[in-house]
Amino acid sequence: MCGIVGYIGNKKAYPILIKGLSRLEYRGYDSAGIALLQANDIVNVFKKEGKVIDLTEFIGNANTEGTVGIGHTRWATHGEPNNVNAHPHTSGDGTLTLVHNGIIENYDVLKKELIKRGHTFKSETDTEVLVHLIEEIKKNSGVSLVEAIRIALNEVHGAYAIVVISAEEPNKIIAAKKSSPLVIGMGEDEYYLASDATPIIEYTKNVVYLEDEQIAIIDRNNGLRIISISNTEVSPYVQELEMQLEELEKGGFEHFMLKEIYEQPRAIHDSFRGRLNAKEGWVSLGGIKAYEDKIAKANRIIIIACGTSWHAGLVAEYYFEDLARIPVEVEYASEFRYRNPIIHKDDVVIAISQSGETADTLAALEMAKAQGAILLGIVNVVGSTISRVTDAGSYTHAGPEIGVASTKAFTTQLTVLAMMALAIGKKRGTITDEKFQLLLDEMEALPAKIEQLLKNADYIETVSAKYKDAQNALYLGRGSSFPIALEGALKLKEISYIHAEGYPAAEMKHGPIALIDENMPVFVIATHGDNYEKLVSNIQEVKARKGKIIAIVTEGDTNVKELADYVIEIPDAHEFVVPILATIPLQLISYYIAVMRGCNVDQPRNLAKSVTVE
Ligand code: M6R
């Protein structure tokens with residue numbers, strides 16, 4: 001988490017840094033700060049608890065001159081969010097200023113040692129320890145700033161993306177990374193640094209993604225040089241960004257989340273464009289083509305992910321087992337990495353991640369890699385770390401997702417997973433030609449069906465209003481709609497702060513049924529399919545205990561309509577694509593309830609979009 005930015009060039013740095021921080025605010029927003037190197041070689045630091053807007057108000061008309069600067073928007077790990085713990089942090093003598101994203105795990109040991117050597121600390125952060133460590137090495141060993149940074153980074157354990165400026169070297173900006181992302185934008189005699197490309201895109205499309213354990217030295221006069229922390233020269237690899245600036249704006253919507261919900265027909269279409277053609281009867285994912293044989297022969301597929309991406313993995317278990325007849329295990333990356341899992345060389349490990357930077361997912365991948373498994377990634381952010389460490393994979397092509405709540409990222413993950421299961425099922429001969437064709441048709445029909453569903457948003461808003469004051473909510477589903485119940489519950493709790501639980505509908509009677517009374521809204525995915533009759537029985541059980549039933553049903557349904565307090569219809573569709581369709585009304589319900597409760601839907605409390613700490 002945390003977003004970092006930097007600039008060195010001929011323009012005034014301040015507006016570039018502030019705008020960049022606003023773009024990165026989804027990564028953390030409990031405090032923000034900037035440091036500007038002024039012409040008289042003084043570093044001016046401004047820090048403020050709260051959002052970037054609070055920082056700009058705090059700065060007001062203060063002197064913001066300077067063409068070199070760094071900035072940070074924080075998601076607190078070490079030390080509560082306040083003005084002192086906010087970044088940037090400064091060395092004891094005030095010459096060095098640093099922003100950091102990540103965690104220095106051995107900061108405590110280093111801090112004690114530095115205190116013995118006379119250092120005093122103002123904040124509770126691990127970051128302040130790092131800037132003091134660099135200062136200590138520089139002074140003690142008489143080495144250059146770059147060398148001091150290099151030595152210091154060899155002493156720290158953990159994750160970092162850092163950007164450093166020095167009052168003594170005003171024409172330089174130095175950055176480094178390990179396990180936290182950092183991108184360098186290459187302009188005309190100017191350079192931009194950021195945690196991702198979103199602050200850079202409006203200035204240049206040419207970027208260098210810094211790799212782990214690399215240090216970038218940017219000199220106003222000599223340009224960019226990269227070395228490794230073991231001190232070998234690295235040639236910068238310049239790539240061109242595909243992202244468009246408009247994708248980062250709200251485009252007339254009140255919130256990014258709503259915009260991203262409405263983008264789903266387009267996003268899903270982009271996800272299967274060139275990869276699936278129902279008319280011609282084929283599906284082909286270019287990114288995994290070279291590995292298709294190995295996947296088809298896999299003994300087992302292990303899916304690792306966190307949060308919403310983990311829910312996508314749970315749906316994929318139904319897809320792969322049904323269509324490709326390969327056993328699937330779906331694991332929370334954070335748990336998987338800390339047990340001693342049995343991984344074979346012919347296991348295929350699929351990591352699912354919107355950001356491609358989630359620390360636990362990355363660590364779980366590294367572990368599977370060390371044991372020889374084939375690694376695939378299903379990632380949204382192009383060029384992200386997971387997309388680079390995996391052997392192969394498929395981008396979801398959802399486009400930038402700014403709202404912290406995952407919406408289009410999730411439905412495009414499901415789209416890619418569905419295509420992958422179809423492709424592998426076809427290869428293994430475990431799916432009939434008729435079913436294969438039917439499911440291709442169903443996939444291709446999705447964007448139009450979602451468009452149709454979104455036309456019902458006003459009604460969904462009206463239904464949502466009835467439950468805006470609920471204190472708890474239950475979500476029920478069966479089969480591949482069970483993970484959608486989990487996802488509906490997660491969406492509601494993360495943005496509206498209403499306690500919600502997702503359950504397989506039949507499990508309700510083993511405990512949660514005790515919670516049901518006239519105040520409990522129960523959202524049930526009760527669409528037509530194999531489990532329909534059983535779901536109707538589950539709805540009866542809720543009704544008998546006076547629970548309020550809001551059912552997602554197939555259009556034209558009459559049985560559930562008689563039982564439920566409200567029904568929300570989705571277009572008629574095969575069970576295979578229902579998880580994607582049924583997700584949309586649940587997203588809208590969470591969105592409307594959160595807005596009605598006055599919550600900040602795009603930046604819910606305590607959360608961050610990209611969880612780069614474990
Ligand atoms: O970037 P990732 O998909 O790896 O992120 C995983 C979770 O942090 C993420 O899905 C989170 O649960 C979302 N806030 C849910 O809306």
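Atoms within each ligand, like the ligands themselves, are counted from 1 in listed order. What you see is a predicted model, and the numbers here were worked out from it, not measured in a lab.
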Do the side chains of Lys250 and Glu260 get close enough for a salt bridge, i.e. N-O under 4.0 angstrom? no
How far is atom 16 (O) of ligand 1 from its nearest protein heavy atom, and which residue and atom is that? Glu494 OE2, 2.4 Å
among protein heavy atoms, the one nearest atom 5 (O) of ligand 1 is Thr358 OG1, 3.5 Å
Distance under 6.0 Å and angle within 45° of the ring axis: does Arg74 meet both against Tyr29? no
Checking a contact table here: which protein heavy atom is nearest atom 9 (C) of ligand 1, and how many Å away? Thr308 N, 4.0 Å
With atoms numbered from 1 as shown, which atoms in ligand 1 lie under 4.0 angstrom from a non-hydrogen atom of Ser353? 1 (O), 2 (P), 3 (O), 4 (O)
Parallel, tilted or perpendicular: rings of Tyr319 and Phe576 (30°, 60°): tilted
So, the side chain of Asp30 versus the backbone of Asn606: is there a donor-acceptor pair under 3.5 Å, distance only? no
Do you see a donor-acceptor pair shorter than 3.5 Å between the side chains of Thr125 and Asn85? no
For Val404, state whether at least one heavy atom is located under 4.0 Å from any atom of ligand 1. yes
Polar contacts were defined as any N/O atom of the residue lying under 3.5 Å from an N/O atom of the ligand; does this apply to Ser355 and ligand 1? yes
Judged by atom type as modelled, is there a donor-acceptor pair below 3.5 Å linking the side chain of Asp212 to the main-chain atoms of Ser179? yes
Residue Lys491 vicinity, atoms of ligand 1 by number, heavy atom under 4.0 Å: 15 (C), 16 (O)
Element-labelled atoms of ligand 1 that are located less than 4.0 Å from some non-hydrogen atom of Ala405: 16 (O)
Of the protein's non-hydrogen atoms, which lies at the shortest distance from atom 7 (C) of ligand 1, and what is that distance? Cys306 O, 3.7 Å
Considering only the protein, which heavy-atom contact is closest to atom 8 (O) of ligand 1, and what is its distance? Val611 CG2, 3.8 Å
Using heavy-atom distances only, which candidate in Ser590, Ala409, Ala305, Gly307 approaches atom 12 (O) of ligand 1 most closely? Gly307
Are Tyr503 and Tyr475 near enough that their ring centres are under 6.0 Å apart? no
Criterion side chain to side chain contact (heavy atoms under 4.5 Å, CB included) against Ile584, the qualifying member of Ile460, Leu454, Ile589, Ile552: Leu454
For the 3.5 Å polar cut-off, considering only N or O atoms, please tell me whether Ser309 and ligand 1 meet it. yes
